[in-house]
Amino acid sequence: MALRLHNTLTRSKEVFTPIEAGKVRLYTCGPTVYAPAHIGNLRTYMFEDILRRYLEWSGYEVTHVMNITDVDDKTIEKAIAEDRDLLEMTESITQRFERDLATLNILPAHHLPRATDYIDGMIGGIQTLLDRGVAYTAGDGSVFFDISKDAGYGQLVNIDPASLRQGERTSDDDYGKDQARDFALWKGAKPADGPYKWSAPWGEGRPGWHMECSIMSSHFLGQHFDIHCGGVDNIFPHHENELAQSRHMFDTPFVNFWLHSEHLIVDGEKMSKSLGNFYVLQELLDRGLTPEALRYTLLATHYRQQLNFTLDKVRESQKAINRLKELARRLEQVPVGHEGQTILPPDDQWRAAMDSDLNISGGLGAIFGWAKELFAALDREALSAPSTGDALAALRSYDKVLGVIFTSSAHANKERIEELIKQRDKARSDRDWSRADSLREELAAMGVILEDTPEGTLWKRG
RNA sequence: GGCGACGUACCCAAGUGGUCCAAGGGAGCGGUUUGCAAAACCGUGAUUCACCGGUUCGAAUCCGGUCGUCGCCUCCA
């Protein structure tokens, strides 16, 4: 059985074979740091996290690079509007971004290069394209890539290059393109850019937004690497252009697998600021939703399917996670040496599902089906000690990918909650049921659900 | 207009030619358990996979058509 991934380049599932045995070089498109990430952005990073974790779970050594776009129209515009230094602003947003990922238990990339640190490399790349005759300078100091020189142009997005050149939107562009969809490798400096410009042989300005990914990916991963990811909106023009320029800058194939995640929509509609259904992580946490429940919600829908994000779905996710956490707790209590039946973990089912283009629903189905058997055996006190150990180990193993069961996220109000529970336990031992019940209601109002067990009172978030 | 995805029980969702008279999660109902709960367990849920037609011994799964939903094509994950 082998891992198969859907390659946008061929629009089909292909068996994944790394360039270098046992190792995977992975590049994922990171954020443009002009505003905090919204839940839709985070969906894509969650998909990439599952991809990376599953590759690692399968035994690959992964090198993961994510770019930080810290110079483009939006970042410059915002810095100037707020009268802040560009790098100071982008750095603070980048740090918030990293905190958001950590909150959701998304593994940080091994390298997080900032575009502004690689401008010299980008200038060198553009020079190569000029030298090779596939790029040209425009009157204002800009440099454009000539797509008519690229026979493969349009392959990723699946459109005929001829139709692109007949595009009717040519005149929209401020820069002097002489062909419809030629794209900017370098943007000549404009007054609106303020101090944010760099010197190049053909004039002052800044890199076009596709160039950074070619240069930074090749810097860390080589000119030919395994997987490049992003959201579907990146397919065109960003990745198409990145592929075109890389193909001509480098003398090797560029990327073997292009993977793209579908968008997240909210309550059935596209998320947008104008519709007012625009969620940022912190707002969701402020509503009392837990990081684990949000993580589960974002990972439980297959990455090539639109994810309809609703608050109900997050609540369902919380319950699903609670079930697995409860299973772990029960397994930990089985006495050593206990006799009983053997129940094997569903490793084959889990692997078969995940190997099929990361079929997470199938994988979760396997885990929950197995969980049901374990609970039934545990209730009958009929699970053998070896099976218990295997089950716990398997649960920990699956959670290396899922990242929602054995988490120890800091809970707000934890001390207050535990104090109230202590008072209630006292009331219960005094058989003061009305006081015990009112304390339980008070805790319920805080979103805390109690479980009285022979081993004491447990609590969890609802 | 071009490109693409999708339509499976009350909701979410896997399954892509027979082992499916269709996984799993959530909600519901009845029962066990519990001081009461919670959690867990037992039982209960689609004779059916948007609709119509076709291929086949056999289709949720393949082909054609119809209807519907959504996305990309412009900055956007």
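Reminder, nothing fancy here: chain letters follow the sequence lines and each chain counts from 1.
Taking atom C1' in both B/G45 and B/C29, one finds a spacing of 10 Å when rounded to whole Å. With P as the reference atom, B/A59 and B/G2 are 35 Å apart, rounded to whole Å. For the P atom pair drawn from B/U56 and B/G15, the interatomic distance equals 28 Å after rounding to whole Å. For the P atom pair drawn from B/A27 and B/C62, the interatomic distance equals 33 Å after rounding to whole Å. The P atoms of B/C52 and B/G18 are separated by 23 Å, rounded to the nearest whole Å. B/U47 and B/U8 are spaced 15 Å apart, taking the C1' atom of each and rounding to whole Å. The separation of B/G65 from B/G24, taken at their P atoms, amounts to 36 Å, rounded to a whole angstrom. Taking atom C1' on both nucleotides, B/G17 is separated from B/C63 by 13 Å, rounded to a whole Å.
Taking 3.5 Å as the limit, the base of B/G71 and the side chain of A/Gln306 contain no donor-acceptor pair of atoms between them. Residue side chain A/Asp452 reaches the base of B/C36 through a donor-acceptor N/O pair under 3.5 Å, judged by distance alone. Counting atom types as modelled, A/Asp437 pairs a side-chain N or O with a base atom of B/G35 as donor and acceptor under 3.5 Å.
The residue among A/Arg424 and A/Thr453 whose nearest nucleotide of RNA chain B lies closer to the 5′ end is A/Arg424. When each of A/Lys13 and A/Trp433 is assigned the nucleotide of RNA chain B with its nearest heavy atom, A/Lys13 is the one assigned upstream, toward the 5' end.
Taking the ring axis of A/Phe406 as reference, the NZ or CZ atom of A/Arg396 stays within 45° of it and closer than 6.0 Å to the ring centre. Both tests do not hold together for A/Lys78 against A/Tyr34: distance to the six-membered ring centre under 6.0 Å, angle to the ring axis within 45°.
At B/C41, one or more side-chain N or O atoms of A/Arg323 fall inside 4.0 Å of OP1 or OP2 (strictly under the cut-off). Dashed line: the shortest gap from a side-chain N or O of A/Lys372 to OP1 or OP2 of B/A40 is not under 4.0 Å. For the pair A/Gln305 and B/A14, the criterion of a side-chain N or O lying under 4.0 Å from OP1 or OP2 is met. Within the 4.0 Å cut-off from OP1 or OP2 of B/A39, not a single side-chain nitrogen or oxygen of A/Arg330 is found. Within the structure, every side-chain polar atom (N or O) of A/Lys325 is placed at least 4.0 Å from both OP1 and OP2 of B/A39.
Checking B/A77, B/C75, B/A14 against every side-chain atom of A/Trp209, the shortest atom distance belongs to B/C75. Closest approach to the A/Arg440 side chain among B/G15, B/A37, B/A13 is made by B/A37 (side chain taken as heavy atoms from C-beta onward). Nearest to the side chain of A/Arg428, among B/A38, B/C36, B/C11, sits B/C36. Taking every side-chain heavy atom of A/His302 into account, B/A14 is the closest of B/C41, B/A37, B/A14. Checking B/A14, B/A77, B/A38 against the side-chain heavy atoms of A/Lys460 singles out B/A38 as nearest. Nearest to the side-chain atoms of A/Asp233 among the listed nucleotides B/A77, B/C41, B/A14 stands B/A77.
The pair A/Glu326-A/Lys319 does not count as a salt bridge, with every side-chain nitrogen at least 4.0 angstrom from each carboxylate oxygen.
Within the nucleic acid shown, A/Gly231 comes within 4.0 Å of sugar-phosphate atoms alone, with no base atom in reach, counting heavy atoms only. Among the protein residues, A/Glu451 comes within range of the nucleic acid bases, having at least one heavy atom under 4.0 Å from a base atom. At the heavy-atom level, A/His38 lies under 4.0 Å from base atoms of the strands shown. A/Leu264 comes within 4.0 angstrom of a base, heavy atoms only. Among the atoms of the strands shown, none is found under 4.0 Å from any heavy atom of A/Ser261. Nucleic acid contact for A/Arg380: none, since no nucleic acid atom lies under 4.0 Å from a heavy atom of the residue. Backbone-only engagement by A/Asn359 is indicated by non-hydrogen atom pairs under 4.0 Å involving sugar-phosphate atoms exclusively. Here A/Gly40 lies in heavy-atom contact (under 4.0 Å) with a base.
What separates NE2 of A/His238 from P of B/C76 is a distance of 8 Å, to the nearest Å. Atom pair A/Trp258:CH2 and B/C72:P shows a separation of 20 Å (rounding to whole Å applied). Residue A/Lys270 contributes atom NZ, which lies 18 Å from atom P of B/U69 at whole-angstrom precision. Regarding A/Leu324, its CG atom lies at a distance of 10 Å from the P atom of B/A40, rounded to whole Å.
When Watson-Crick and G-U wobble pairs are counted only if both distances are under 3.5 Å, B/U66 pairs with B/A50. Figure legend. B/G28 is base-paired to B/U44; pairs are counted as Watson-Crick or G-U wobble with both atom distances under 3.5 Å. With both pairing distances under 3.5 Å, B/C36 is matched to nothing as a Watson-Crick or G-U wobble pair. Across all strands shown, B/C3 pairs with B/G71; the Watson-Crick or G-U wobble distances both stay below 3.5 Å.
Using a 5.5 Å limit on the distance between ring centres and a 30° limit on the angle between planes, the aromatic ring of A/Tyr45 does not count as stacked on the six-membered base ring of B/A77.
Listed for the A/Gln306 side chain is no donor-acceptor partner under 3.5 Å among the backbone atoms of A/His263.
Between A/Leu392 and A/Glu332, the shortest heavy-atom contact is CD1-CG, 3.8 Å.
Here OH of A/Tyr153 is found 8.0 Å from CZ of A/Phe145. Values are rounded to the nearest 0.5 Å.
When the shell of 6.0 Å around CD of A/Glu82 is examined, it contains more than 12 heavy atoms from other residues, nucleotides or ligands.
With respect to A/Leu221, the side chain to side chain contact (heavy atoms under 4.5 Å, CB included) criterion is satisfied by exactly one of A/His64, A/His111, A/His228, A/Arg25: A/Arg25.
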